[in-house]
Every structure is written in C-alpha cells, then in structure tokens.
Amino acid sequence: MTRVLGLLAKIGILAAALLVMGAVPALAETLEDYLHEAAEADYAGRQVVVTVWDGDSTAGIFVIEHAGDTLMIERGEHEAVVGGGKVSAASRDDRVVIARWTAMGYDTRYTTADPVEVRRLGRSAEAVAIFEGELLRAGIVFDVETGAPLATEVFASDGRTFRVSSLIEFDPLPRRLYSSSGLDAGEYDVMVPVGPGDLPAEVAGYRLADSYTGPDEVVHSFYSDGLFSFSLFEVEGAVGDDLFADARSMEVDGSKYRVLVRPAQVWVHWSTPATSYVLVGDLPPDHLEQVLAELPKPRQRNFFSRLWNGLFG
Amino acid sequence: MAGMNAGSCDIGVLLSAYLDGELRAGELERVAEHLGDCPDCVLEFRMLKEARAAMRLLPLLEAPEWLLDEALHLGPELSAYLDGELMTAEIPDVVGHLTVCARCRDDLLELDSARVAIRALPRVEPPEFLDVARVARSSPTRSRWRLATAAAGIAAAVVLTLGVATRPVPEQTVDLNSFADRHVARASVEAGFSMLPVLAPGPVTP
C-alpha cells in the first residue's frame, strides 16, 4: 500500500504539471493523432494500474507488450492477447472475436491543451491534458520516439484521481510479440451483430456503437465517447448473487446497484423483473452515475411479473 | 555492417516478417541485434512500419452489388454461421465476406431477428373445451361430479398460480471473464483503447 501511495504521489506531480498548463482548446485531431499513434506503437514493459473508489484503492501490476494493433498482457500465470476485435485468453482457453464494428469518432466535449515536454523513465515525452469543459478529465504522457502512452491519469468530477496507469519499465522492442508466440491460435467464439433492441442510442454522451450476441444469447451493447467506453450485457433471468458477493452498494437517483471495482475497470450489476444487467467499463465515477441514471432502472419482481415470467418465461 | 544500404543487408528480407511476427526465435535475435547496428535498416524498418500503419487507416471499401456474383453471396452459410455449424476454417471467409457485402449483412441480421422472434414466442397448449370427446361424454346426471371437478380445478389453478408466482427466477450461469473478453474485444478497435490501461487477464471474480 505504501508503494501504491508513493506512486500516486509521483503521479500527483504529473497532475500538477497538467493543471498549470491551463485549458487551451486545441484541434480535436491532435488527441486523435496521439491516440492513433499510441494504438500503432511498439513497446514492452511493466505497468502499474491503480483505481481509487470512495477512498479505497485497488492496484494491479501487468507485464505488457504492444506491437501494431496487438497487445499482450501477462499477470501472474494469466496471459491474454488482445487486438483487432479479438481476445485470446490462453490461460482460460477463451477466445472471442467480434464479426464487425462501427467506427466511432470523438465526443466534442473533449478538448486538449498544448502538449508539454517532460522526461519520463529517462525518455523524452509529451504530456497532454484532456479537458471536459473546464474540468481536467485526463492526462496522458506519450513517449516521443515510439508514441507509447507511458502514463495515464483519469480524474473524477471532484478533481480527485480516479485511475492511474504508469509504465515502470520500458523497452521499445516487444520481443515476444515479434516472435511467433502462438498465444492467439485456436477456435474463436464469433460475436454476431444484432439489432439495437430497446436500449437508448445515446446515454450521457456515450453513443451506442454496436450490439452483439454470442452462443449464450446474452446481448452485448457497446457504448463509447471515443475516449472512455462501456459494455452493457443483458441476461434473461437472474445471475448468481455470488458473482458480486464482495461488491459494494451504490445509489443513483434512489436506485441501488452492486459495484465491483477492479484495477482497470468497474463492474455494475442490477436487475429488472425480466432481465439482469451487467455493465463493465473504464468510465469515471461521475460519468457512470450519469449513464446509470439513463439506463433501465433496477426494479423488484412483484406478484404479477413473477406470474407472467413463470408462465411465459 | 553500419552504413550499409538496407538492400545490400541480408537482413532486409526479414524486416517484414519481423513486423508480422513471423520470425523464429533465432532470427528474432539476429534482426534485433542488426537493427541496433545498421541505421539504413532502422530507416527501412521505420518506413515499413509507417506504410503498414497507413494501410490500416485506409477506409474499408464496400464492393458494389453488381460486382458480387449471385453465387458469391453466402445464402445457407449464413444460417450455419448463426447456428455455430461452420467449420472454424470457414469462419474467416464468412466474416471477411460480411465486412464487404451489405446485402449479406442485412440477410444475417434478418435471419438473426427471425430466430430471436421465434424463440420469444410463448408455448401455447390447446384449451380443454377443444377436447371434443370429453364434451360429448358430459350429461345432466354427472352435474354433481362436474361441480366437484370444477372446484378441484379452481383449487389446482390457485395452487399452480401461487406456485408459479413464488417460484424463484431461474439463475443463469454467467461467466464474467467471458464478458470481460467481449468488452475488450470490442474496445480494442477503438482509438481510445490506448487510454484503457489493460484488462486483467486473470479471473475477474475473486
């Protein structure tokens, strides 16, 4: 925990540097260019990710390699290869591919300040501050030579740090990915596009990009604002309570939700009489509250809904 | 080796394979070592990388309908694709065709909607009054029996209704790791994905 706090303190210096830059709106393409370059960058290293929620922090350390559009992640004995719409979790023998997707642009609510030259891990880097109106929403430090994101920090609406990720070791050569690892070989479950259903096309600035279904017939809808994203899974009936056994409770507009906080994402679970919802995403807490307020609300099953569901499923 | 033209280095041919992740372990070390020593090859390597990145950013063009022969459309393969009956080797061809053929995509969505609609239909049993043989058997002398049967029927219906209404909702076995995989698979094609630090490859649930 001391190391985590130390890391947060170091990142705080980055936040301070970003704040003094001031909100000078720049062309939206600037951020887009940075992110496209980062998406194509080649690098490897060890990454620390810390998420702070209600004063509690949860952290994870990951070994990552990134080449082209492919990312390999290793944590303990677990390995996964991600990229181009595919995920291969070799240690769990799970492989998923999405059949097609809709290209998304950036929400105009984000502007960037002029980049500031900094040094990080002994390398030349540029710090870019991202604003949502007057609010400093995020900061990213990009490596000048490779374009790799060396550090990211996301802020909640109260200005507190929500999530920090930082490379603590850096190598510009992703050696394992350049050799034939074979990690992504095997059969994939194809996620087939389906119609959008009853979900709103836009939720608190997040646009519905695509909906899919897999062999288990769970409907997966993906929302993004170009910077953050979340997936909403609709399951017919109930899901096991033990999945969210250690979840905390969260209240939005008088409705209660179960929330699991993990280093790199937040999970939310709630139910209506006919459907269970699971949301997973990287969105900051104030965005999450706004999103939940506009999605179907949790409701208890009453006598008639139980009867109806019992008779007709 | 320093200062040599990339074309004259025997490593040049391996650079493309290096970027494509097709090198064997020995070759990988050789290329990595050579790149640290040969500025020309580093330049060629960077040009290759930029060309590859530029290719990825090209918009995907849809083939015009008239170019696609009727026989090239997927037809029955779409149904097999939805039913998970395709061989693994056939899937990339089907998915590849779907990315360029709007008509087959529409057909796929239509087929899938029909499947979903059919699955959603309630199962209906024929009502008892349609049982002609039973109706013919009834007579005034059996009225007391009919009353008792009706009372028993109502009681059974009440018990059934209460039973159905108080029955717990069937729980689905849900694998959160699978949800995580699906989310990241879709998020990986977003430019903002570089903002997403990583998704834990370990179990999501404790």
Side-chain angles (χ1 to χ4, degrees), chain A residues 35-36 38-40 49 60 62 64 73 75-76 78-80 82-83 85-87 89 92 94 96 98-101 104 149 152 165 173 177-180 187 190-192 194-195 215 220 222 224 226-227 229 231 233 235 237-240 243 246 262 264 278 280 282 303 306-307 310-312, chain B residues 18-19 21-25 28 32 49 52-53 56-57 81-82 84 88 91 95 98-99 105 108-109 112-113 116 122 161 164-167 169-174 176-202 204-206:
Chain A
L35 292 180
H36 273 303
E40 294 287 337
V49 184
F62 307 89
I64 61 170
I73 317 159
R75 187 187 191 196
H78 299 284
E79 270 183 329
V82 178
K86 293 201 300 185
V87 167
R92 285 187 277 109
D94 276 351
V96 167
I98 52 169
R100 70 180 172 101
W101 56 85
M104 297 287 285
T152 65
S165 74
L173 280 181
L177 270 179
Y178 275 162
S179 62
S180 302
E187 285 190 27
V190 183
M191 297 299 129
V192 184
V194 290
H220 165 205
F222 182 83
S224 171
L227 197 57
S229 62
S231 290
F233 296 92
V235 185
V239 299
L243 292 173
D246 71 338
R262 292 289 176 261
V278 176
V280 53
D282 62 341
F303 179 83
R306 279 166 183 266
L307 183 61
L311 289 172
F312 302 113
Chain B
Y18 182 59
L19 278 171
E22 290 168 352
L23 291 182
R24 289 187 293 271
L28 175 75
K49 252 189 78 177
R52 205 176 64 145
R56 278 208 198 91
L57 292 177
Y81 174 66
L82 281 174
T88 307
I91 291 174
V95 173
L98 286 171
T99 59
R105 278 202 304 271
L108 183 77
L109 293 180
D112 192 60
S113 306
V116 171
T161 304
V164 167
T166 54
R167 191 181 63 174
V169 191
E171 275 190 5
Q172 277 222 37
T173 309
V174 167
L176 287 189
N177 293 305
S178 157
F179 286 6
D181 291 344
R182 293 177 206 192
H183 170 66
V184 172
R186 179 58 184 79
S188 73
V189 293
E190 291 287 301
F193 184 59
S194 46
M195 272 289 289
L196 180 73
V198 282
L199 191 93
V204 174
T205 44

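Per chain, numbering begins at 1; letters A, B, ... match sequence-line order.
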Undergrad: Testing the basics here: between B:Ser188 and A:Val82, what is the closest heavy-atom pair and its distance to 0.1 Å?
TA: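 For B:Ser188 versus A:Val82, the nearest heavy atoms are CB-CG1, 3.6 Å.
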
Undergrad: For a quick test of reading the model, state the closest non-hydrogen atom pair linking A:Val96 to B:Ala185 and the distance between them.
TA: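 Looks like CG1-CB, 4.2 Å.
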
Undergrad: When rounded to the nearest 0.5 angstrom, what distance separates NE2 in B:His183 from CD1 in A:Ile98?
TA: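 Between atom NE2 of B:His183 and atom CD1 of A:Ile98 there are 11.5 Å.
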
Undergrad: Report yes if some heavy atom in the side chain of A:Phe222 is under 4.5 Å from a heavy atom in the side chain of B:Glu190; otherwise report no.
TA: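 Side chain of A:Phe222 against side chain of B:Glu190, heavy atoms only: contact under 4.5 Å found.
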
Undergrad: Nearest heavy-atom pair of A:Ser229 and B:Ala187: which atoms, and what distance?
TA: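 So the two residues come closest at OG-CB, 4.2 Å.
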
Undergrad: Going from CE on A:Met191 to CG on B:Asp181, what distance comes out if it is rounded to the nearest 0.5 angstrom?
TA: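 A:Met191 atom CE to B:Asp181 atom CG measures 9.0 Å (nearest 0.5 Å).
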
Undergrad: So B:Phe179 and A:Val235, side chain to side chain contact (heavy atoms under 4.5 Å, CB included) or not? Walk me through it.
TA: CA-CA 11 Å; B:Phe179 286 6; A:Val235 185; 4.0 Å; yes

